Amino acid sequence: MGEHPSPGPAVAAGAEAERIEELGPEADARPPAAPEDHWKVLFDQCDPGNTGYISSGKFRSLLESHSAQLDPHKREVLLALADSHADGQICYQDFANLMSNKRSNSFRQAILQGNRRLCSKALLEEKGLNLSQRLIRHVAYETLPREIDRKWYYDSYTCCPPPWFMITVTLLEVAFFLYNGVSLDQFVLQVTHPRYLQNALVYHPQLRAQAWRYLTYIFMHAGIEHLGLNVVLQLLVGVPLEMVHGATRIGLVYVAGVVAGSLAVSVADMTAPVVGSSGGVYALVSAHLANIVMNWSGMKCQFKLLRMGVALICMSMEFGRAVWLRFHPSAYPPCPHPSFVAHLGGVAVGITLGVVVLRNYEQRLQDQSLWWIFVAMYTIFVLFAVFWNIFAYTLLDLKLPPPP
């Protein structure tokens, strides 16, 4: 899906390395095995004194004389970098990071504050794109607030690997739901079936010592009406986010929301079970909506106000359904219906950890102070919830529903 026909933008860092090789006078030499060694050889050709720097003028001349061999968008960013250092020099690390598709905060700031703006036509104005290119461009405008990031993503995306995490989780949720539907002979409001809570995946307060239940409850849903909205949001929001930010980051936010949801229930709604993937879904959607609001002028997705309103209405309807079900007379007294608190745990993760992830496209999270602050807060909450589950139930002498 991510292939770009010539002379369109290039797509892969490996291919980029082969083209950059042509910039030096020794274009016929094969690059060293290690990418860093290759960048060092190319840089040293422009730095015979081995000072670790080249002048911005020499850097610009090199780019302009070999512009035909570079991706249009990457050449534009390189020239902006050269102009931003008009009174200085380009160091080797900036050069190597750029050629390796790694951009530091200082690099981004140099571009944004440089004398040369990215003044060529916007990515949205480019014509003659095929279906896959238009899809990648659409995803870029849906998720990224800066034109420089959108162009960078458009040039770099290869669909390798594909957005496997959200698709895999969604398929597993559907498969488990269908299996339970056939097993219980019930698809609507499965949660009212007497044997529903006997499933080993459901979180139940009496079985809270079985640690896997704090995560596996996402594969059980209250009914097709519960599963349907979660699947739609996972595919419409989660898949584009994973295409941009990768499975590791999006999976981290999703799983953190899931675990926070079940732990929040064990602390705030101690007698209730938990089912559904709403903790993870609400973490992703809340992070995405918060990112749009915080970068409102930069986000160029169409009808963003209307779409935000629709998303909030859908989330509110799902949350309202969960609240109604929680206080509806239980089909298996004295155990109540599943809790709605997991939704709130997911939202809390989304507007903290999730926002930091989405606001730092291709930036090292460990370099962000806010990241460590929210990681510390999340860790403290998890530790508190663990100790709460160990001691509080006994100290409060809480009467729990019998195990299923």
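Just so it is clear, the model here is predicted, and its values are computed rather than measured.
Here ring pair (Phe, Tyr, Trp, His ring centres under 6.0 Å) pairs that include residues 233-261, with residues two or more places apart or in two chains, are F165-Y254. Residue pairs meeting the side chain to side chain donor-acceptor pair (under 3.5 Å) criterion with at least one partner in residues 369-385, sequence neighbours excluded, do not occur; the list is empty. Residue pairs meeting the ring pair (Phe, Tyr, Trp, His ring centres under 6.0 Å) criterion with at least one member in residues 216-241, sequence neighbours excluded: F176-F219, H221-H226. The list of salt bridge (Lys or Arg N to Asp or Glu O under 4.0 Å) pairs with a residue in residues 229-244, not counting sequence neighbours, is empty. Sorted by first and then second residue, the pairs that involve residues 188-209 and meet ring pair (Phe, Tyr, Trp, His ring centres under 6.0 Å), not counting sequence neighbours, are Y203-Y214.
Of the inter-residue distances, the one linking Y393 atom OH with T271 atom OG1 reads 8.0 Å to the nearest 0.5 angstrom. Atoms CG and CG, on L236 and L241 in that order, are 11.0 Å from each other to the nearest 0.5 Å. To the nearest 0.5 Å, the span separating CZ on R146 from CE on M299 amounts to 10.5 Å. Atom CE of residue M308 and atom CG of residue L289 lie 5.0 Å apart, to the nearest 0.5 angstrom. Going from atom CG of L129 over to atom NE2 of H138 covers 14.0 Å, rounded to the nearest 0.5 Å. Distance check, rounded to the nearest 0.5 Å: CD1 of I292 to CG of L358 gives 9.5 Å.
At least one side-chain heavy atom of M315 sits less than 4.5 Å from a side-chain heavy atom of S286. Side-chain atoms of F177 and V231, non-hydrogen and from C-beta on, never get closer than 4.5 Å to each other. The side-chain heavy atoms of V285 and L312, taken from C-beta on, include no pair separated by under 4.5 Å. When side chains are defined from C-beta on, V182 does not count as touching L178, because their heavy atoms never get closer than 4.5 Å. Looking at heavy atoms from C-beta onward, E142 lies in side-chain contact with R307 at the 4.5 angstrom threshold. Contact of the L353 side chain with the M377 side chain is not registered, since no non-hydrogen atoms from C-beta on lie closer than 4.5 Å. Between I167 and L171 there is a side-chain heavy-atom pair separated by less than 4.5 Å.
Scanning both residues, R249 and V357, for their nearest heavy atoms gives CB-CG1, 3.7 Å. Pairing each heavy atom of R326 with each of A272, the nearest pair is NE-CB, 3.7 Å. Closest heavy-atom contact between M220 and N180: SD-ND2, 3.0 Å. What you find for L201 and N199 is that their closest heavy atoms are N-OD1, 2.9 Å. Of all the heavy atoms in P163 and V239, the pair that sits closest is CG-CG1, 3.8 Å. Heavy-atom minimum distance, S277 versus E173: CB-OE2, 3.2 Å.
In this structure a side-chain-to-backbone donor-acceptor pair under 3.5 Å is missing from R150 to A140. Judged purely by atom type and a 3.5 angstrom limit, S183 has no side-chain atom pairing as donor or acceptor with the backbone of Y179. Y361 contributes no side-chain N or O that, together with a main-chain N or O of T143, makes up a donor-acceptor pair within less than 3.5 Å. Side chain of Q186 to backbone of V188: a donor-acceptor contact under 3.5 angstrom is found. Between the side chain of Q368 and the main chain of L365, no donor-acceptor pair closer than 3.5 Å is present. In this structure a side-chain-to-backbone donor-acceptor pair under 3.5 Å is missing from W388 to L263.
Every ring pair (Phe, Tyr, Trp, His ring centres under 6.0 Å) that W324 has, sequence neighbours left out, goes to H328. Residues passing the side-chain hydrogen bond (donor to acceptor under 3.5 Å, both in side chains) test with R213, sequence neighbours excluded: Q210. The ring pair (Phe, Tyr, Trp, His ring centres under 6.0 Å) search around Y153 returns Y157, not counting sequence neighbours. With sequence neighbours left out, S266 forms a side-chain hydrogen bond (donor to acceptor under 3.5 Å, both in side chains) with N389. For the salt bridge (Lys or Arg N to Asp or Glu O under 4.0 Å) test, no residue two or more places apart in sequence or in another chain qualifies with R195.
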Please list every donor-acceptor pair under 3.5 Å in which a side-chain atom of residues 339-349 meets a protein atom from a residue at least two apart or in another chain.
residue	atom	partner	partner atom	Å
S339	OG	D269	OD2	2.8
S339	OG	V341	N	3.0
H343	ND1	F340	O	3.0
H343	NE2	S278	OG	3.3
H343	NE2	E318	OE2	3.1

Using atom types as modelled, flag every donor-acceptor pair under 3.5 Å from a side chain in residues 396-404 to any protein atom, sequence neighbours excluded.
none

Please walk me through it: do F374 and I351 pass side chain to side chain contact (heavy atoms under 4.5 Å, CB included)? CA-CA 10 Å; F374 290 141; I351 61 177; over 6 Å; no

